[in-house]
Amino acid sequence: ETYETIPGQSKITFLLQAIRNAAAAEEARQMAAVLLRRLLSSAFEEVYPALSPDVQTAIKSELLLIIQMETQSSMRKKICDIVAELARNLIDEDGNNQWPEGLKFLFDSVSSQNVGLREAALHIFWNFPGIFGNQQQHYLEVIKRMLVQCMQDQEHPTVRMLSARAAAAFVLANEHNLPLLKHFADLLPGILQAVNDSCYQNDDSVLKSLVEIADTVPKYLRPHLEPTLQLSLKLCGDTNLNNMQRQLALEVIVTLSETAAAMLRRHTNIVAQAIPQMLAMMVDLEEDEDWANADELEDDDFDSNAVAGESALDRMACGLGGKLVLPMIKEHIMQMLQNPDWKYRHAGLMALSAIGEGCHQQMEGILNEIVNFVLLFLQDPHPRVRYAACNAVGQMATDFAPGFQKKFHEKVIAALLQTMEDQGNQRVQAHAAAALINFTEDCPKSLLIPYLDNLVKHLHSTMVIKLQELIQKGTKLVLEQVVTSIASVADTAEEKFVPYYDLFMPSLKHIVENAVQKELRLLRGKTIECISLIGLAVGKEKFMQDASDVMQLLLKTQTDFSDLEDDDPQISYMISAWARMCKILGKEFQQYLPVVMGPLMKTASIKPEVALLDTQDMENMSDDDGWEFVNLGDQQSFGIKTAGLEEKATACQML
């Protein structure tokens with residue numbers, strides 16, 4: 001707060017003093033450098049032009065001098081970031097660089113005998129590749145010579161890495177300048193060499209630059225596509241590298257299948273080698289004793305090879321199309337499904353789920369054999385294979401709806417109901433119930449009616465057992481899914497659900513009334529959703545007997561609504577439920593408006609936090625604290641905190 005109140009001009013003076021003060025603690029100097037860079041990046045117009053010309057000149061020469069004096073490399077980098085930020089702001093409307101000494105410093109430093117200065121020049125150019133402004137064309141040969149020279153610096157690996165990153169940044173900054181891309185094409189082999197070397201130095205920054213090129217300027221890679229792909233394959237398959245690096249290498253190929261499919265299709269040999277790599281990653285699973293009865297669905301471990309391989313396969317099938325991918329992968333999957341090791345069978349089934357969307361047309365023809373084959377695995381001896389089979393059935397029910405439902409309703413419903421009885425394995429039971437939801441959501445009503453009795457019987461008996469387990473052991477995973485399965489069946493069956501209404505409603509009301517602990521909030525939310533969907537399905541006449549009870553229960557939560565945390569899953573369920581109640585009750589809903597509107601407006605007006613960050617700051621913000629980022633190019637990212645956004649959207653829809 002104290003810092004915020006200091007006038008901008010004084011800030012610059014003080015911060016520069018702190019940076020210069022060699023006696024100060026390292027952390028203090030680094031912090032001063034970061035603050036100065038942020039000041040120039042966020043408030044340049046307010047602060048800098050108001051300084052007298054002498055002070056401006058002093059600041060510029062001061063910064064360049066500090067770089068030359070600085071001995072500590074991470075501190076030098078931070079000063080280079082300030083210089084790049086200042087240079088970025090000193091290029092005028094017409095592209096004139098108003099800091100010619102800055103450019104001269106670049107030229108002198110890049111050919112200096114002092115390796116620290118060579119690094120500094122490259123770092124500044126990497127951070128702001130547009131530093132030459134309208135002189136760029138004039139200096140193009142020099143820039144190219146500079147980069148080539150540094151990439152060939154055999155004695156200093158850091159100079160090689162930095163120049164490769166700088167070359168990549170320059171290409172990305174000039175993505176629309178075709179002649180330039182052509183002119184710089186012969187730098188790519190050097191960049192690839194640096195990607196390879198840096199990965200084995202445990203540094204993946206150059207590889208990340210290659211992924212960005214594949215994403216933004218894939219055409220730059222065309223003249224050397226084969227070596228680019230070969231390198232990516234090699235790195236992806238090298239188990240000595242860490243998972244992150246292997247996944248990034250695979251990302252180069254997968255990204256190209258999305259941004260340059262036509263270019264990649266010509267290299268079928270590479271695609272044919274990449275597919276087994278992805279499948280091998282999907283086999284990389286841990287044995288886990290507690291898996292079958294874990295009660296929390298921990299988020300899939302997003303860094304895991306298995307998740308990365310599956311998502312890569314899904315994207316590649318969508319990018320390149322089933323005509324190319326299915327024939328290449330079919331044999332592999334069949335072999336995996338016959339492997340005695342459960343991990344291979346698991347991976348085979350997950351792979352089958354992943355390619356459904358991309359290989360839609362090609363799989364449709366052989367869907368019958370696929371379905372018969374997958375259903376066998378619902379009886380596999382290993383619970384995680386049975387889980388993967390549920391996953392495949394659920395995914396196909398969505399990808400191939402409604403044809404899937406029309407052709408296979410009898411087999412699939414029977415098999416899933418049987419799998420839901422797997423009492424010793426909660427995770428399998430829950431996933432079978434989840435697959436059933438996918439199936440009924442897209443199932444034509446007329447097809448579902450004949451099975452209603454049987455479905456309801458199973459769902460009810462499972463619900464009763466699981467309610468007891470909740471009371472005795474506190475486990476809730478299967479119950480959460482079953483409640484949603486009931487909702488989904490009611491939603492599809494509509495008025496045909498009336499005879500079963502009294503079977504379910506008392507238990508569901510009981511859950512809403514009693515499941516008030518924090519760890520049960522998702523169960524309670526899903527139950528609220530289920531009650532309102534059943535109400536909508538059976539209609540006002542049948543539902544009226546419970547409507548005011550249900551509203552009272554909801555409004556009781558309502559009074560504690562202000563205590564709910566922003567990310568409480570109940571908020572969304574609750575707001576959607578009111579909207580359904582409003583639909584069912586019509587004018588009679590009016591009496592509840594005074595209680596409902598307050599929280600509804602409060603939720604609808606949630607203001608999400610947003611931030612404009614530069615790449616350096618971004619690296620310190622991890623994605624897992626609810627922020628998502630969009631890269632705006634030029635070292636800047638836009639971040640938005642997503643907590644509360646879903647709720648806001650629901651509230652706006654309901655209004």
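Since the model is a prediction, treat every value here as computed from it, not as a measurement.
- The pair Asp502-Lys542 meets the salt-bridge criterion, with a side-chain N (NZ, NE, NH1 or NH2) lying under 4.0 Å from an Asp/Glu carboxylate O.
- Judged as a ring pair (Phe, Tyr, Trp, His ring centres under 6.0 Å), and not counting sequence neighbours, the contacts of His382 are Trp342.
- By the ring pair (Phe, Tyr, Trp, His ring centres under 6.0 Å) test, Tyr592 is found to be paired with Phe589, residues two or more places apart in sequence or in another chain being considered.
- Tyr387 and His346 have parallel rings, their planes meeting at less than 30° on a 0 to 90° scale where 60° marks the start of perpendicular.
- Around NZ of Lys496, the count of heavy atoms belonging to other residues, nucleotides or ligands within 6.0 Å does not exceed 12.
- When all heavy atoms of Pro444 and Gln405 are compared, the closest pair comes out as CD-CB, 4.1 Å.
- For Phe439, there are no ring pair (Phe, Tyr, Trp, His ring centres under 6.0 Å) partners, not counting sequence neighbours.
- By the 6.0 Å contact criterion, OH on Tyr500 is enclosed, its count of non-hydrogen atoms from other residues, nucleotides or ligands being greater than 12.
- The residues Arg384 and Glu287 are annotated as not salt-bridged, no charged nitrogen and carboxylate oxygen being separated by less than 4.0 angstrom.
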*I would like to know whether Glu441 and Thr398 meet side chain to side chain contact (heavy atoms under 4.5 Å, CB included); could you show each step before the answer?*
CA-CA 9 Å; Glu441 263 178 354; Thr398 301; 5.8 Å; no
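- The closest side-chain donor-acceptor pair between Thr650 and Ser576, if any, does not fall under 3.5 angstrom.
- When all heavy atoms of Met282 and Leu285 are compared, the pair lying nearest together is O-CG, 3.8 Å.
- Side-chain atoms of Gln570 and Arg521 include no donor-acceptor pair closer than 3.5 Å.
- Atom NZ of Lys330 has 12 or fewer heavy atoms from other residues, nucleotides or ligands within 6.0 Å.
- For CD of Gln517, the number of neighbouring non-hydrogen atoms (other residues, nucleotides, ligands) closer than 6.0 Å is greater than 12.
- Applying the side chain to side chain donor-acceptor pair (under 3.5 Å) rule to His431 yields the partners Asn391; only residues at least two apart in sequence or on another chain are considered.
- Checked against ring pair (Phe, Tyr, Trp, His ring centres under 6.0 Å), His409 has the following partners two or more places apart in sequence or in another chain: Tyr451.
- Applying the salt bridge (Lys or Arg N to Asp or Glu O under 4.0 Å) test to pairs two or more places apart or on separate chains, those with a residue in residues 448-477 are Asp295-Lys476, Glu296-Lys476, Lys466-Glu469.
- No option in Leu523, Thr527, Val550 other than Thr527 meets the side-chain contact (heavy atoms from CB on, under 4.5 Å) test with Val512.
- Considering every non-hydrogen atom in both Thr419 and Ala415, the closest pair reads OG1-O, 2.7 Å.
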_CA sep, side-chain torsions, deciding dist, call: Ile531, Met505, side chain to side chain contact (heavy atoms under 4.5 Å, CB included)_ = CA-CA 7 Å; Ile531 290 177; Met505 199 48 81; 3.9 Å; yes
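- Between Asn425 and Pro383, the shortest heavy-atom contact is OD1-CB, 3.7 Å.
- Lys411 NZ: more than 12 foreign heavy atoms inside a 6.0 Å radius.
- Comment: Glu495 engages Lys445 in a salt bridge, judged by a side-chain N to carboxylate O separation of less than 4.0 angstrom.
- For the pair Ile333 and Gly348, the tightest heavy-atom approach, listed with the atom from each and the gap, is CG2-O, 3.7 Å.
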